[in-house]
Amino acid sequence: MTRLHVISASVRPTSAARPVAQWVADRARAHGAFEVTPVDLGTIALPFLDEPEYASSGVYTHQHTRDWSALVDSADAFLFVLPMYNGGFTAPFKNAIDFLYREWRDKPVGLVSYSAGPTGGAPAAEMLLPVLTRLRMRPAARSVAIPGIGGLVGPEGFAVPEGLADRLAGVLDDVAELAEQRAAEAVTV
């Protein structure tokens, strides 16, 4: 079974990423192709990149980096739940990505973005794609963008808009297929 990490890519204490990521993780479990681990960057609490060596060296001097490396390395695939701030993705999320290199390589990734406005954070997801490509990750063909997040998250959690579960199912199918391809390639090597 594919080990999928659902990463909540916001560190704000009141972030909508947490309830959305919880719903995404629940849907991924129900999908049946994944062993799901939720990961909250706010809990991970990485400092700004403080390693003396380049991430591509794989030489980590700090325990927080070694722990982050082990967590990311243990995944076969990812779903990133990311907010859009000022048209882009967050600095703490980019920082978390930049801490590592080899651990991301060749792994499938699906994107679930959100925003207060009508784009649903799609520009942030689009901005992230060159970074993922540079890391040689395998982005899913489909993604999910959730507009109007302020009206969807409250004390009761995440009020799922109509049709969103079906769109997420498509992303999960893409990630599962990419993970199967990756596993098949590993066997033939």
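Worth knowing before you read on, the calculation uses all heavy atoms, side chains too, and leaves out hydrogens, waters and symmetry mates. Note that the structure is a prediction, hence the values are computed from the model and not measured.
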Gap separating the CG atom of D106 from the CE atom of M137, nearest 0.5 angstrom = 9.5 Å
One should read off an interatomic distance between T37 OG1 and L4 CG, to the nearest 0.5 angstrom, of 8.0 Å
Interatomic spacing from CG in L41 to CD1 in I97 - rounded to 0.5 Å | 8.5 Å
Are D50 and P47 side-chain neighbours, meaning at least one heavy-atom pair lies under 4.5 Å?
-> yes
Please answer whether the main-chain N or O of E53 pairs with a side-chain N or O of S57 as donor and acceptor at a distance below 3.5 Å.
-> no
L71 backbone acceptor or donor facing H5 side chain under 3.5 Å | yes
Hey, does the side chain of R3 reach the backbone of S74 with a donor-acceptor pair shorter than 3.5 angstrom?
-> yes
Scanning both residues in full, the closest heavy-atom pair of E51 with V59 reads OE1-O, 4.0 Å
Test ring-ring contact (aromatic ring centres under 6.0 Å, His included) on Y54 and Y101 and set out the steps.
-> CA-CA 9 Å; Y54 291 113; Y101 183 75; over 10 Å; no
Are the side chain of D40 and the backbone of I7 linked by a donor-acceptor contact shorter than 3.5 Å?
-> no
Report yes if some heavy atom in the side chain of R138 is under 4.5 Å from a heavy atom in the side chain of Q181; otherwise report no.
-> yes
Would you check if R29 and F34 make a side-chain contact, meaning some heavy-atom pair closer than 4.5 Å?
-> no
Closest non-hydrogen atoms of S15 and A17, given as atom of the first, atom of the second and distance, are OG-N, 2.9 Å
Determine yes or no for a side-chain-to-main-chain donor-acceptor pair under 3.5 angstrom, with T90 supplying the side chain and A9 the backbone.
-> yes
With rounding to the nearest 0.5 Å, note down the distance linking CZ in F158 to OH in Y114.
-> 10.0 Å
Taking 4.0 angstrom as the limit, do R66 and E103 come out as a salt bridge?
-> no
OG on S115 to CG on L82, rounded to 0.5 Å = 10.5 Å
Considering all heavy atoms, the nearest M127-G87 contact = CE-O, 4.2 Å
Work out which heavy atom in T2 is nearest to a heavy atom in A77; give both atom names and the distance.
-> CG2-CB, 4.0 Å
Main-chain N/O of A165 paired with R27 side-chain donor or acceptor, under 3.5 Å | no
If two hydrophobic side chains count as joined below 4.5 Å and joins carry through other members, does W104 share a cluster with V175?
-> no
Could you please spell out the steps behind the salt bridge (charged side-chain N to carboxylate O under 4.0 Å, His left out) verdict for E177 and R142?
-> CA-CA 12 Å; E177 182 178 331; R142 293 177 271 192; over 6 Å; no
Just by modelled atom types, is the G120 backbone N or O under 3.5 Å from a matching donor or acceptor in the S113 side chain?
-> yes
Determine whether the side chains of R12 and S10 contain a donor N or O and an acceptor N or O closer than 3.5 Å.
-> no
Among the clusters formed by ILVMFWY side chains lying less than 4.5 Å apart, do L128 and V39 turn up in the same one?
-> yes
Heavy-atom closest pair (L132 atom, P139 atom, distance to 0.1 Å) is CB-CG, 4.3 Å
Per the side-chain hydrogen bond (donor to acceptor under 3.5 Å, both in side chains) rule, which among T65, T61, D67 passes with Q63?
-> D67
Closest non-hydrogen atoms of S8 and R18, given as atom of the first, atom of the second and distance, are OG-N, 3.8 Å
Between K107 and D76, is the closest basic N to carboxylate O distance under 4.0 Å?
-> no
Does any non-hydrogen side-chain atom of V81 lie less than 4.5 Å from one of L111?
-> no
Worked verdict on Y60 versus W68 for ring-ring contact (aromatic ring centres under 6.0 Å, His included) = CA-CA 10 Å; Y60 306 130; W68 179 232; over 10 Å; no
Are H64 and I44 close enough that some pair of their side-chain heavy atoms sits under 4.5 Å apart?
-> no
Would you check if V6 and V36 make a side-chain contact, meaning some heavy-atom pair closer than 4.5 Å?
-> yes
In Å and rounded to the nearest 0.5 Å, what is the CG to CG distance from L100 to D73?
-> 8.5 Å
